[in-house]
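Each chain gets a letter, A, B and so on, in the order the sequences are listed, and its residues count up from 1. The shown structure was predicted, so the numbers you read here are calculated from the model rather than taken from an experiment.
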2 protein chains.
Amino acid sequence: MAIRPAEQLIHKAAWLYYAHGLRQDQVASQLNISRASVAMYLRKARETGIVNISTSTQLFTDDVLARKLEDALSLDAVWIAPENDHIADPSTEIAVLAASVFLELVKKGDRIGVAWGRTVYMIADVMSYADLQDVTVVQLCGNLGAPYSYRPDQCTMEIARRLNAKGLNFYAPLVLSTEELARALRAEPVIREQLSGVGECDLALYSVGAVDADSHLVKCGALTPSEMADLRSQGAAGVIAGQIIDAEGKVLDCSYNRRVISAELASLRAIARRLVVVQEDSKFEPLLAAIAGGLCTHLVVGAHMAQRLLDHAAATTEKAS
Amino acid sequence: MAIRPAEQLIHKAAWLYYAHGLRQDQVASQLNISRASVAMYLRKARETGIVNISTSTQLFTDDVLARKLEDALSLDAVWIAPENDHIADPSTEIAVLAASVFLELVKKGDRIGVAWGRTVYMIADVMSYADLQDVTVVQLCGNLGAPYSYRPDQCTMEIARRLNAKGLNFYAPLVLSTEELARALRAEPVIREQLSGVGECDLALYSVGAVDADSHLVKCGALTPSEMADLRSQGAAGVIAGQIIDAEGKVLDCSYNRRVISAELASLRAIARRLVVVQEDSKFEPLLAAIAGGLCTHLVVGAHMAQRLLDHAAATTEKAS
DNA sequence: TGCCCAGTTTGACTTTTGTCGAGAGCCGTG
DNA sequence: CACGGCTCTCGACAAAAGTCAAACTGGGCA
């Protein structure tokens, strides 16, 4: 298969069409191929990230509400997806926005940490292709053997594929049965290296999980519903990168957390840009916990959630004064 | 004039069309306007940089020749515009390529130094619009009062306009009649501040001028043809940001240079990324001088010039060994 | 108030682009 | 060497996007 010349042709066609502004038939005659082929090449060029079409996400930060939230929660940037209008599906809208924001935040040479969850996978799924060079996508937490399509390694790989980047997977279970085994595994050079490399990331992408029976941790069998309920009564407020955090965003002191293989929260906080995306309104408390714990610098949420966050912040400062 | 809502609409239309992949008629019915308006909004969105369409310039660096040149001249990156094919106009091709490369090198928050010349203006002219935030474009050298459209301030302003960036102009003449006056003007706070700010740039864009009667310096009246010939016999090899350099890329010790108001070469060398673009084959010696003087880290040239550079480099190392 | 201007918006028309099935070239294989 | 299976390519048609003159809007001004 002549893959090289094809790639070359795609590139040339894309260059003539997009950079020089020629019409498809002009490109076709330049390259001595049919116009139909040109159309096909251009589609491939878009699909492989040889050409990049991106729209500014300014609109969603320009919102007054977004500005207020940035101030109130001292975040670096907030994007708010509208929900009021006759938008077909607000959670898709959030994912599409998050994907654009993510691509805007990525720079060449970056090292990107990616966690796991339905939200992250949805973002990967709608993310457009790009041709970043020297980008590495690293997996932030161990795997779950569940048959879900949004396993940690899949999220990492899919995003790496879209960006044409190197994916650094990490094949350890997310949760082990004993604390001892987890300790031993964490001490393994392969694992330790990966985990300590997390702090060197330039950008992180994750969502936050709820502490209830619907949580992935329960669905994937890492915890039983009753264990989850127990954790909740012990102060669990949310899940970040597979770890349970309390309302202050600190790792909850519990057996489960000690059995988890994942990036430490301190490492996450060492990452300059931490993009948190939340789709479900029900994740209000978990998100508050993540923000309290300084695990979020950039936030993408729906309008409704944004309003709740702002109301909460206002109420808190009022009480304090 | 309702400029805000219009901008908002353009943004929304662009978002629905490019990010969500809706068709124009679907966008039109979502926004309750006619499809024709949508088409118009989308054009505006492209023109103002709300949407960005960029094609990877990989193809032009992937060339073996480009790699060899990078090694031979120890440059960070080289792009070579093909000239062999039935390309309409090689110099336009170089300008289009340079504009793409330039946009690829710019990052948010950058401070960009721009010099002046026909080449730089041509690049500005074909550059697509972008919506970079926090970018500042600064003028690297004083002005010439000539009626050319590619005056230093025009080059700066045009590029700033295209990027939606802040343009920092600098209203001093490029050349003064006495050395004394030049010294005095350079000591002026406004000027001194600007000149010392050059070293803080992250990216510079310039071409290199030839030392002959066709030079802009002659055409704009800064030097007479005979003065130019004199300088040439004194060792002048090229012109960078309005200053005459010798074959080693050092400022030539001459009255003219002492009368010029421009960024010092040392400041230029302090800029991390220095993009030099050369269109004319006749500028071989000036370009060699600029490279020798370390004034170039990123280079865009035509295929013919690239070959000459490589041949020259090979001959030089051969002689040396 | 009424008029005019500059900038929008629209419907109708033209041009450009996307797509699909048919056909052509190109292997490895039986 | 003929045979599927494969991808790539093309022509023709359908769909989508671009364009333009005419109608419309709303604000400034006599």
Side-chain angles (χ1 to χ4, degrees), chain A residues 1-56 58-59 62 85-86 88 96 100 126 128-130 161-162 164, chain B residues 1-56 59 62 85-86 88 96 126 128-131 161 164:
Chain A
M1 184 169 65
I3 195 166
R4 265 314 107 186
E7 186 119 324
Q8 188 102 326
L9 258 188
I10 293 175
H11 219 309
K12 271 192 176 169
W15 182 254
L16 291 171
Y17 187 75
Y18 287 106
H20 281 265
L22 298 186
R23 275 187 276 106
Q24 290 190 356
D25 52 356
Q26 296 177 297
V27 175
S29 67
Q30 277 255 342
L31 301 178
N32 277 102
I33 49 178
S34 77
R35 222 207 74 256
S37 297
V38 173
M40 196 206 53
Y41 286 156
L42 293 179
R43 182 160 40 73
K44 279 195 180 169
R46 285 186 299 260
E47 279 171 1
T48 55
I50 287 175
V51 313
N52 243 30
I53 303 185
S54 63
T55 72
S56 152
Q58 191 102 323
L59 181 62
D62 266 2
D85 291 346
H86 25 73
V96 170
S100 279
V126 297
S128 58
Y129 290 79
R161 191 173 74 84
R162 301 267 174 155
N164 212 350
Chain B
M1 183 169 63
I3 196 167
R4 265 314 107 185
E7 187 117 323
Q8 188 103 326
L9 255 189
I10 292 176
H11 219 309
K12 268 193 177 166
W15 182 253
L16 291 171
Y17 187 76
Y18 286 107
H20 281 265
L22 297 187
R23 285 194 324 257
Q24 291 189 357
D25 51 358
Q26 296 177 297
V27 175
S29 68
Q30 276 257 338
L31 301 179
N32 276 101
I33 50 178
S34 78
R35 222 203 73 260
S37 296
V38 173
M40 196 209 55
Y41 287 157
L42 293 179
R43 183 160 38 74
K44 281 197 178 168
R46 284 186 301 261
E47 279 169 3
T48 54
I50 288 175
V51 316
N52 235 11
I53 303 185
S54 64
T55 72
S56 152
L59 181 62
D62 267 1
D85 292 345
H86 25 71
V96 171
V126 297
S128 57
Y129 290 78
D131 191 16
R161 192 173 72 83
N164 212 348

*Which residue pairs satisfy the salt bridge (charged side-chain N to carboxylate O under 4.0 Å, His left out) criterion with at least one member in residues 27-40 of chain A, sequence neighbours excluded?*
none
*asked:* Going by side chain to side chain donor-acceptor pair (under 3.5 Å), name the residues that satisfy it together with B/Ser37, two or more places apart in sequence or in a different chain.
replied: B/Ser34
*Could I get the full list of salt bridge (charged side-chain N to carboxylate O under 4.0 Å, His left out) partners for A/Arg162, not counting sequence neighbours?*
A/Asp125, A/Glu158
*asked:* Can you list everything that forms a side chain to side chain donor-acceptor pair (under 3.5 Å) with B/Asn52? Sequence neighbours excluded, please.
replied: none
*asked:* Under 4.0 Å from OP1 or OP2 of C/dG11: is there any side-chain N or O of B/Ser34 that close?
replied: no
*Results of side chain to side chain donor-acceptor pair (under 3.5 Å) for B/Tyr18 - residues two or more places apart only*: B/Arg46
N/O contacts under 3.5 Å, protein versus nucleotides 17-21 of chain D?
unit_1, atom_1, unit_2, atom_2, d
D/dA17, OP1, B/Tyr17, OH, 2.7
D/dA17, OP2, B/Gln24, N, 2.9
D/dA17, N7, B/Arg35, NH2, 3.3
D/dG18, OP2, B/Gln24, NE2, 2.6
D/dG18, N7, B/Arg35, NH2, 2.7
D/dG18, O6, B/Arg35, NH2, 3.4

_Atom pair distance, as rounded to whole Å: CD1 in B/Ile10 and P in C/dG7_ = 14 Å
*asked:* I need the A/Leu42 CG to A/Glu47 CD distance, nearest 0.5 Å.
replied: 11.0 Å
_Results of side chain to side chain donor-acceptor pair (under 3.5 Å) for A/Gln58 - residues two or more places apart only_ = B/Gln133
Collect all protein-nucleotide pairs involving nucleotides 22-26 of chain D in which both atoms are nitrogen or oxygen and the distance is under 3.5 Å.
none

*Does any pair with a residue in residues 15-33 of chain B pass salt bridge (charged side-chain N to carboxylate O under 4.0 Å, His left out), and if so which ones, sequence neighbours excluded?*
B/Arg23-B/Asp25
*Taking atom C1' of D/dT9 as reference, at what distance in whole Å does atom CG of A/Asn32 sit?*
14 Å
*Given atom CG of A/Leu9 and atom P of D/dC10, what is their separation to the nearest angstrom?*
11 Å
